[in-house]
Structure formats: structure tokens, C-alpha cells
Amino acid sequence: MSPAALSRRSAAGAALASAVGSVTPDPKVAASAAATAGQSTTTVVEAPVAPRSAMVAADVPVSTAAPKAAAVDAAYQPRAAVPGPAPARSSGTRTTVAARVAAGTTTPTPTPSPSPTTPATPTSASHALHLARRASFGATPELVAEIRSVGSTAWIDAQLSPSTVADTAMDSLAASLWPVLDLPIWGVHDTYYPDSTGDLGYAAIEATVGRAIWSRRQLLEVMVEFWTNHLVVTAPWAESWDSVHRYQADVIRKYALGRYADMLVASAKHPAMLAQLDNASSSKRAPNENYGREVLELHTVGVDGGYLESDIRRSALALTGMSSDRESGEYYYRQIRHHVGALSIMGWSHANTSAYGEGVGEAYLTYLARHPKTARRLATKLAVRFVADTPPPTLVDRLAQVYLDNDTRIAPVLRALLTSAEFAASTGQKTKRPLEDMVSTARILGVTPGSNTRGWLSDLVWYARNAGQAPMAWPAPNGYPDVAAAWAGTGATLGRWNWHMAQGWMSTDTAAKATYPAFRTLLPATLPTTYGALVDALATRLLFAPLATAKRDAVCAFLDKTAATALKPTDAVLGWRLPYVVALVLDTPEFATR
């Protein structure tokens, strides 16, 4: 059955089960891989998500006056928060901050963050590399050199003001390859009438991946991916087929470094989200609680935010009227659908006396965005993305306060995070997800657009889908997980490794869709004299450091050589076997580290 033929409501459970199954860690494979790499491993079993209570069907009239809130609350068991998996242990003898605290080898209170005018650490090569790995889609020698040249704080500040970073090559590429993304929603309806299409979704996905690889505004692209995964709208098909491209441009990209309150309101009023979570069909006579629930549980205060079941109902009522026009697909406020009557939700209240209640919904969403529990939830998610699977609570506390002090502005939070002592000390504590691994592979190899760039990007997306992380395709509204244990399974691992090997084949294909530098250029102009020195040089170019001795020797053994074997210019390792060695180096845990 084609994606267009699937009903999201009927297929969501099966799709989610399939997606989760593709990335669920396999303890035996994880243990074997860890043993091969000389690592220890911890098996993590994720707790199941509690089932959602039944939603009210949009076409069944429901009284807005009964039952009473107390009766509703008494009838429902509060939904429990799902604990995140423990962080995977990194290679060698390195331990996490949390582990050192538990062992009593370090104080649980981290060093306070430096002042906003002082870099967290001197811009050493190691700090520049750490910043490049976390604040971009993959470190490159050029990016590390740029950070060292201008200084880490100056680089962060420029990235937080992306309009000051020239990106003309990427902008020109996007304009030439994906002009369809400029279509307004009504223009999509007019162009494709009377049919629907996946064109907009495919174009949005390709453009997003292309920018992740080639844009100079790397921190913006990281945050675009972060918010895409937080305020989820699936692509390329589903109900948002006509509007997902404008959602990316007018909500996610526009506000990625701005005020979260503005982003939340914009997302709630966008036809893509209105279709994704059914608020377009919600009305005073038949309130649909889907979006009213998710805006509390996922977009703001979180499942443990303290709201009651009756709050979910009132949340849905406050947002009635926000809808879309059937003919044009554009946002349209339907006052005839808006519930009128006093509302009180989690400390927010409004008389709500008029059917023209668009401002009521906006005020409610802004209140949620400014809520201290929203601040802590977003601070936690950002710290998980940039610092560690289990971030230091004191860092989360400080980031939440920065968020509140700056009226939900994201840029100050990121600046505080990226210049913090906790960030500087978190080297080795994050693992790339499959899509990031593949994008960073293209970046470190120096792949550039070619004769069929869209086709090449589609190939990358295909590999990412096989690894369990097709961009914008997570079927549930909670987004892809961002912890190592979720991506330790065979599907994710083999998907990444297959992409690494495919780069060698693509680089020698005379009809290659993208442009690859010759792999020989990954080695120094003056050839190393031994196989061990060759592997060291290749690892230094791809990983920014030589491999551990045991791993270097393992690569040499794969070539039926020892580290001391003399290297001759005519050896196969400098020709047809070189792509295999490149893939082996990219398969290491060192490259998988964010």
C-alpha cells in the first residue's frame, strides 16, 4: 500500500512498532561490537510507553459542560513519565560525569559557567574540535581551523546570528534545485489540483539534508533538526502534504534561534500542525483533544507537568476555532467553532467571552511557553542534545533560568550552554544518530553537489531510512530519541556501515551523482613509509586523531599486513583497497562519537 493510501490514525500504531523495532538495541550484537572495539557495554531495556486514553472522535457531539472536571480527573490514571535510558559507556576507560559523581571521584557541583564575554575554555585544537562536533553536523578540518582562527565565542556568536554568516552557495543551490519550496500553500493547491502530491515533502527533506551537509550556518541547521524533532510534522506524505514545506520555512527555520513562545504559537496556527494533530477539525461541539494533549505533554510542560485530564479537555477548548480553509489550505480562524466560556488551565485563566477567541488560544500558548516546567523541559532536551544523555541537573537548572530571564529566547540559552564548563567537559559523552553519521560522513569526505544532487540526496535518505532514521518520518509526535542506547541495534549500525562502504563505490563511479574528491587526497602528499603510519595518517584525517594501537593493528591485519610492513607506491591499499580502509575507519566508535 502506498504512503498516500495510509490513514495515519489507523496505521500509526503499526508504523511506530515497526520504526521502534528497527532501532531497538540488540544486547548480543551490542556486546559483540563492544568487545570487538575493546569496550564494556551496558544492556538497557527501555520502559514501554503507557497507552493513550481514547480520543473523542471529531464527528461525535460532546457536551462541553459535563461531566464535571473532578469526575473526569478521578476517572483517569495520570500518565507516567517514561524514564530515559542510561547513557552508553564511551570507549576506553573514559567515564561520564554522572559516573564519576556516583563513584565519589568528583564533586557533583560543576564549575559555574563563565561570564557571557569570556570563552568557556581557550580555543585549543581539542576544544575547537569538540565544539565543531557538537554545534555542527560534523567536524571538518576547515571548520576546526575556522573556530581556532576566530575564537570559539566569536564563532558561536556569529552562528547565533545566522544572517551575518554568508551562505550564498547553499542559498543558490536551494533556489536552483527546489524552487517548489517557494510555493505558498494556496499555490500548491492551485498547481496540483485536483490531486495531492509528495513533491513538497520530498523537496523539503532533500533541502534540509542538503543544508545540513553544505550550509555554513551549521548551528542553525542543528537547531532546525532539533525543533523539527520537537514539534513533529511528518513528511513526505500524510495530512500535511500541501504545507510541510512552508511549516519548515515559516515556523521551524524562522524561529529556530528566536523566541519559543513565537514558534509555539506559529506552529499551533500552521495548517501542517493543524492537520497533523487534528486541531483543524476541533470544535466547541466536538472538541478533538489530540493537539490539546500534545501541546501539554510534548510541546511544553511535559507528561509530569502537573496537569489533569480535565486540563487536557480545557486545553482543547481554548484552541477551538484555529483551523484551515478547505479550498486554499491556508490558516483560517473559524469563530463559529470556538468554545465560549471561562477557562482555567494550570494557573492560566481567561474570561473567554467572545467567539472571536483567536487571542485566547494565543495567550494560552504563550503562557505555556513561559511556564517554568516548559523552561526545564526544553533546557533538559537541549542539554541532552549538546552535552550528555544524562546531563548535569545544575546545568539544566541554569539553562532553564536563562530561558525564563530572556522571555523564551533560545539564542541566549544556547550561548550559555556552549560556553559552559559542563559542555567543555563533555567530550565523548554523545553518540551520533544514523542520519547525523551519514551527513558527517559526506562532510568529512568533502562531497560536493554534482550532476544529480537531488538523486544523491535521495540515496542518502534511503540509507537513513534503512538505518531507522529517515528525516522527518518519525510516526509518533514525540520525535526520534537522542540517546545512545536507542541506536545500538543491528539495523542502525549496519545502515551506517553500509553508507560508509557505499561512499567508496560512489567515489569511483563514472556516473556519480555527487562530486567526490579522490580518496588518495585523504592521505598526505608524502606517503607514509609503513602500513601502520598509513592507517595513522588516514585516521588523523578522518577522526582528527590516530586510532588506538589495537585498532590500528586490526586494520593492518585486514590488509594482511603488520604495522611495520613497508608501504610501496604500487600497493593495492593505495588503489582499489583504499575505500575499504576508509570505510573501516569510519565504522569505528571514534567516528560515531558526536
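Below, all heavy atoms of this structure are taken into account, side chains as well, without hydrogens, waters or symmetry copies.
Evaluation of the salt bridge (charged side-chain N to carboxylate O under 4.0 Å, His left out) rule for Arg454 yields Glu206 as partners, not counting sequence neighbours. Evaluation of the side-chain hydrogen bond (donor to acceptor under 3.5 Å, both in side chains) rule for Arg217 yields no partner, not counting sequence neighbours.
In this structure, the side chain of Ser176 engages the main chain of Leu173 through a donor-acceptor pair within 3.5 Å. Between the side chain of Thr408 and the backbone N or O of Ala261, at least one donor-acceptor pair lies under 3.5 Å. His245 places a side-chain N or O within donor-acceptor distance of the main-chain N or O of Leu183, the cut-off being under 3.5 Å. Under the 3.5 Å distance criterion, the side-chain polar atoms of Ser161 are left unmatched by any main-chain donor or acceptor of Ala158. In terms of modelled atom types and a separation under 3.5 Å, the side chain of Asp509 and the main chain of Trp505 share no donor-acceptor contact. Between the side chain of Gln159 and the backbone N or O of Gln218 there is at least one donor-acceptor pair closer than 3.5 Å. With hydrogens and angles ignored, the 3.5 Å screen pairs a side-chain donor or acceptor of Ser451 with a backbone N or O of Ala512. Without hydrogens or angle criteria, Lys430 side chain to Val384 main chain gives a donor-acceptor distance under 3.5 Å. Listed for the Ser149 side chain is no donor-acceptor partner under 3.5 Å among the backbone atoms of Glu146. A donor-acceptor contact shorter than 3.5 Å links the side chain of Asp167 to the backbone of Arg216.
Salt bridge Arg409/Asp262: absent, no basic N to carboxylate O contact under 4.0 Å. Between Glu221 and Arg253 there is a salt bridge, with a side-chain nitrogen of the basic residue lying less than 4.0 Å from a carboxylate oxygen of the acidic one. Taking the charged nitrogens against the carboxylate oxygens, Arg433 and Glu225 do have a contact shorter than 4.0 Å, which makes a salt bridge.
Considering CG of Leu129 and CZ of Arg133, their distance stands at 4.0 Å, rounded to 0.5 Å. Taking CE of Met438 as the start and NZ of Lys432 as the end, the distance is 12.0 Å to the nearest 0.5 Å. Interatomic distance, CZ of Phe137 versus OG1 of Thr441, reported as 13.0 Å (0.5 Å rounding).
For the pair Val582 and Leu445, the minimum side-chain heavy-atom distance is below 4.5 Å. Using a 4.5 Å heavy-atom cutoff, the side chains of Glu362 and Lys269 are in contact. With a 4.5 Å cut-off on side-chain heavy atoms, Tyr332 and Leu274 do not count as touching. At least one side-chain heavy atom of Ser426 sits less than 4.5 Å from a side-chain heavy atom of Arg134.
A centroid separation of 6.0 Å or more is found between the aromatic rings of Trp186 and His189.
In this pair, His270 and Tyr247 present their aromatic rings perpendicular. The plane angle is above 60°, beyond the 30 to 60° band. Taking the six-membered ring for Trp and thresholds of 30 and 60 degrees, Trp456 and Tyr516 have ring planes more than 60 degrees apart, a perpendicular arrangement. Ring orientation note: the planes of His500 and Phe591 are nearly perpendicular, at an angle over 60° on the 30°/60° scale.
Of all heavy-atom pairs spanning Arg246 and Leu181, the tightest one is NH1-O, 2.9 Å.
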Between Arg211 and Asp171, does the salt bridge (charged side-chain N to carboxylate O under 4.0 Å, His left out) criterion hold? Intermediate values first, please. CA-CA 9 Å; Arg211 287 188 182 278; Asp171 290 341; 3.3 Å; yes

